[in-house]
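Below: the structure, in structure tokens.
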Amino acid sequence: MIKYLILLLTFLTVNKFLILNEESLVLLSFSIFVFLLITKIGSQIRSYLDDKINEVHKNLENSLDSVKIQISYVNKSWNYLHGSVYLVDKFKKYSQLQVNKVEQTLRLFLIYKLKSAIFYKISKFENLESEISMLIKLLLEIQLENILKQFLNVNNKVLSSFINHEKIMLV
């Protein structure tokens, strides 16, 4: 598949259907980056996040089950100690509110952990962006030197005086 894509790009470039300028090089670099990201790392990130979700979900279920069991034991003990319907109803309402608060807190905790894991993975990709910009800068410098060599037909000392390497910037 990649061989055919390279062959197609070569054919289009040679026949001047595709002109290699800054925009097309940036598009090509970004397309390759996204393709490699999806094919090489996408399944790993997905499996990692799925494992974390399952782990947190199991912990959440175990915690909720233990809390529910403890609340049910307390409810039973209150029923045995106090035969009052009023006290039992009040405690059931209170315990239900506490279970709801625990469930809501655990949901917020799960969302927070998932967001932090995702932002951690995204921060790694931001470093790649700066490296790609440096590579594109180097490619532009090489292209500019080659163009000047070809058209001006001068030696390297004169050529380096034409190019101000510190002023080449990506927009």
Side-chain angles (χ1 to χ4, degrees), residues 1-13 18 20-141 168-171:
M1 175 74 180
I2 295 175
K3 293 176 187 178
Y4 295 120
L5 182 63
I6 292 172
L7 185 63
L8 177 66
L9 285 174
T10 306
F11 175 75
L12 291 175
T13 305
L18 177 65
L20 295 177
N21 57 13
E22 296 87 3
E23 291 87 6
S24 61
L25 288 175
V26 169
L27 176 64
L28 179 65
S29 299
F30 182 73
S31 301
I32 290 172
F33 171 73
V34 169
F35 175 76
L36 289 176
L37 183 70
I38 289 171
T39 58
K40 300 293 182 184
I41 301 176
S43 61
Q44 293 173 351
I45 292 173
R46 181 178 295 118
S47 65
Y48 172 77
L49 290 177
D50 288 342
D51 291 343
K52 286 296 180 182
I53 287 172
N54 291 335
E55 180 182 323
V56 170
H57 188 263
K58 286 179 185 177
N59 289 338
L60 176 65
E61 285 180 351
N62 291 338
S63 299
L64 284 177
D65 289 341
S66 67
V67 168
K68 286 179 182 179
I69 288 171
Q70 290 174 0
I71 289 175
S72 70
Y73 286 148
V74 171
N75 272 336
K76 287 178 184 178
S77 67
W78 273 99
N79 284 335
Y80 290 129
L81 293 175
H82 304 284
S84 173
V85 176
Y86 175 75
L87 291 176
V88 171
D89 288 337
K90 288 292 182 181
F91 182 75
K92 284 182 181 179
K93 290 177 183 177
Y94 174 76
S95 63
Q96 186 61 39
L97 286 174
Q98 292 301 319
V99 168
N100 290 340
K101 286 181 182 179
V102 167
E103 287 177 350
Q104 183 180 12
T105 305
L106 288 174
R107 284 185 191 131
L108 291 174
F109 177 74
L110 175 64
I111 290 170
Y112 170 75
K113 282 297 184 178
L114 287 175
K115 283 182 180 179
S116 65
I118 290 171
F119 286 128
Y120 175 73
K121 292 294 180 180
I122 288 174
S123 69
K124 286 184 178 180
F125 295 122
E126 290 176 355
N127 293 335
L128 288 175
E129 179 183 358
S130 65
E131 291 176 12
I132 288 173
S133 67
M134 288 301 296
L135 286 174
I136 291 174
K137 178 183 173 183
L138 289 174
L139 283 173
L140 288 174
E141 288 178 10
I168 294 178
M169 297 173 57
L170 291 176
V171 178

For the pair Gln96 and Asn100, evaluate side chain to side chain donor-acceptor pair (under 3.5 Å) and give the outcome as yes or no after the intermediate values. CA-CA 6 Å; Gln96 186 61 39; Asn100 290 340; 3.2 Å; yes
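In this structure, the side chains of Glu55 and Lys58 stay at 4.5 Å or more apart for every pair of heavy atoms. Looking at Lys113 and Phe109, their side chains come closer than 4.5 Å, going by heavy atoms from C-beta outward. Using a 4.5 Å heavy-atom cutoff, the side chains of Leu139 and Leu25 are not in contact. Looking at heavy atoms from C-beta onward, Ile132 lies out of side-chain contact with Phe30 at the 4.5 angstrom threshold.
For Val74 against Phe91, the heavy-atom pair with the smallest separation is CG1-CZ, 2.9 Å.
Asn59 CG to Asn54 CG: the interatomic distance, rounded to the nearest 0.5 Å, is 11.0 Å. Here Leu110 contributes atom CG and Ile53 contributes atom CD1; the two are 7.0 Å apart, rounded to the nearest 0.5 Å. Separation of atoms CD1 (Ile71) and CG (Leu64) is listed at 9.5 Å; rounding is to 0.5 Å. Taken from NZ in Lys92 to CG in Asp89, the straight-line distance is 6.5 Å, to the nearest 0.5 Å. The OG atom of Ser29 sits 4.5 Å away from atom CD1 of Ile136, with the distance rounded to the nearest 0.5 Å. For the atom pair NE2 (His57) and CG (Asn62), the distance works out to 10.5 Å, reported to the nearest 0.5 Å.
Under a cut-off of 6.0 angstrom, the local environment of CZ in Phe33 is crowded, with over 12 non-hydrogen atoms contributed by other residues, nucleotides or ligands.
Using a 3.5 Å distance cut-off with no hydrogens or angles, the side chains of Ser24 and Asn21 do pair a donor with an acceptor.
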